[in-house]
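To start, the structure itself, in structure tokens.
Naming: A, B, ... by sequence-line order, numbering from 1 per chain. As the structure is a computational prediction, the values presented were derived from the model and not from experiment.
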Protein chains: 2
Amino acid sequence: MNDIFYDILNRVKEKGYKLTPQRKAVVLAILNHDHMHLNTEEIYALVKEEYPKIGLATVYRTLIVLDELDVITKMNFDDGCIRYEINSETHQHHHLICRNCGKVIEVMEDLLDDIEAMVEEKYQFKIIDHNLKIYGLCKHCLDNQ
Amino acid sequence: MNDIFYDILNRVKEKGYKLTPQRKAVVLAILNHDHMHLNTEEIYALVKEEYPKIGLATVYRTLIVLDELDVITKMNFDDGCIRYEINSETHQHHHLICRNCGKVIEVMEDLLDDIEAMVEEKYQFKIIDHNLKIYGLCKHCLDNQ
DNA sequence: TAAAAAATGTCATTCATTGTCCATATCTCC
DNA sequence: GGAGATATGGACAATGAATGACATTTTTTA
């Protein structure tokens with residue numbers, strides 16, 4: 001965890017951005033709540049606990065920087081705001097979204113090799129990233145209906 | 001094409017919604033510009049040519065109805081607005097999005113059977129729909145850089 | 001044809017996100 | 001460690017997509 005933290009701070013510095021306590025606090029908040037798909041307001045609230053002076057716009061701006069540096073990825077779960085998650089190279093994952101309760105489940109298996117090979121060959125498209133959302137009903141909602 | 005048009009009108013009627021000229025005009029505009037991923041403002045502009053009196057809110061409301069009836073699907077290409085496409089049951093497709101020029105390419109092949117089977121079994125998740133976006137560089141941008 | 005129900009058009013409002021401005025903090029170089 | 005150049009933060013205004021409110025118009029049904 002600490003390794004990831006300092007690696008991110010280094011990346012910020014290397015790209016010419018300054019290491020301010022506000023940026024550190026935002027990175028920490030996201031790291032400490034991984035897999036929670038926080039939106040900007042939620043990150044703002046968390047950072048405010050430790051750093052009450054921070055402004056909402058600063059959080060927005062920091063997230064733009066972190067997205068640019070590939071530290072985080074924007075996620076859209078169609079709930080009217082952008083949510084973020086840490087980019088860990090090792091776990092390319094997908095999301096199951098329950099149409100009933102809205103819960104988001106992460107699927108760690110990739111299984112997109114076939115389709116990616118086909119796309120690169122047939123469409124001559126150089127793939128950088130992908131985003132798969134699967135909508136349906138989660139186990140809990142299936143059992144309780 | 002006409003079949004699809006009248007099929008949609010029937011579906012609107014069957015569900016108890018009224019067949020107003022405004023709704024017909026919105027459906028026609030979308031049908032006549034399939035695969036163009038129009039957003040609400042663009043649809044509004046198109047409908048206005050034929051039906052200048054229509055208001056923007058009516059277009060928004062009509063799109064909500066059509067989405068509810070599964071006539072169209074909301075698409076989010078991360079450009080700050082919702083875009084729509086016709087639901088044709090026969091062509092479940094994915095999207096390639098060029099990170100350089102922003103072009104959206106449709107991929108007609110599905111190839112998600114493996115992962116869907118795994119999800120249904122391992123996660124006990126009843127799949128209704130899916131949405132796959134692949135980001136990268138299109139052939140044109142690769143050639144011209 | 002009239003009353004009831006639903007839909008439209010206009011306009012105001014919401015809310016996430018971004019821009020502006022100036023004081024302040026950070027980093028570099030000495 | 002300290003000064004100076006410059007990026008950054010905080011506060012607030014502004015933007016823009018989307019929705020709400022409401023009076024008016026259209027459609028349905030008796």
Should the pair B:His94 and B:His130 be assigned to parallel (<30°), tilted (30 to 60°) or perpendicular (>60°) ring geometry? tilted

Go nucleotide by nucleotide along DNA chain D from the 5' end; which of B:Thr40 and B:Lys13 gets its closest nucleotide reached first?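 The residue closer to the strand's 5' end, by nearest nucleotide, is B:Thr40.
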
Would you grab the first and last nucleotide of DNA chain C (5' to 3') that comes under 4.0 Å of any non-hydrogen atom in chain B?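 Listing 5' to 3', DNA chain C meets chain B from C:dA6 to C:dT10.
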
For [X] and [N], give me the distance from atom [atom1] to atom [atom2], rounded to whole Å.
X       : N      : atom1 : atom2 : answer
B:Glu42 : D:dA17 : CD    : C1'   : 13 Å
B:Asp67 : D:dT19 : CG    : C1'   : 15 Å
B:Leu56 : D:dA21 : CG    : C1'   : 16 Å
B:Tyr44 : D:dG16 : OH    : P     : 16 Å

Is any side-chain heavy atom of [X] closer than 4.5 Å to a side-chain heavy atom of [Y]?
X        : Y        : answer
A:Glu42  : A:Arg83  : yes
A:Asp143 : B:Gln124 : no
B:Ile43  : B:His33  : no
A:Lys24  : A:Leu28  : no

5' to 3', nucleotides 4-11 of chain D under a 4.0 Å protein heavy-atom cut-off (B base, S sugar-phosphate only, - none) gives --BSSBBB

Check the pair B:Asn32 / B:Leu46 against side-chain contact (heavy atoms from CB on, under 4.5 Å), numbers first and verdict last. CA-CA 10 Å; B:Asn32 288 336; B:Leu46 284 169; over 6 Å; no

Check whether any side-chain N or O of B:Tyr60 sits under 4.0 Å from OP1 or OP2 of D:dT19, and answer yes or no.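 No, because none of the side-chain N or O atoms of B:Tyr60 sits under 4.0 Å from OP1 or OP2 of D:dT19.
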
Please determine whether a side-chain nitrogen of the Lys or Arg among B:Lys122 and A:Glu109 lies less than 4.0 Å from a carboxylate oxygen of the Asp or Glu.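 Result for this pair is yes, salt bridge flagged.
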
So which of B:Leu66, B:Asp70, B:Asp67 actually passes side chain to side chain contact (heavy atoms under 4.5 Å, CB included) with B:Asn87? B:Asp70

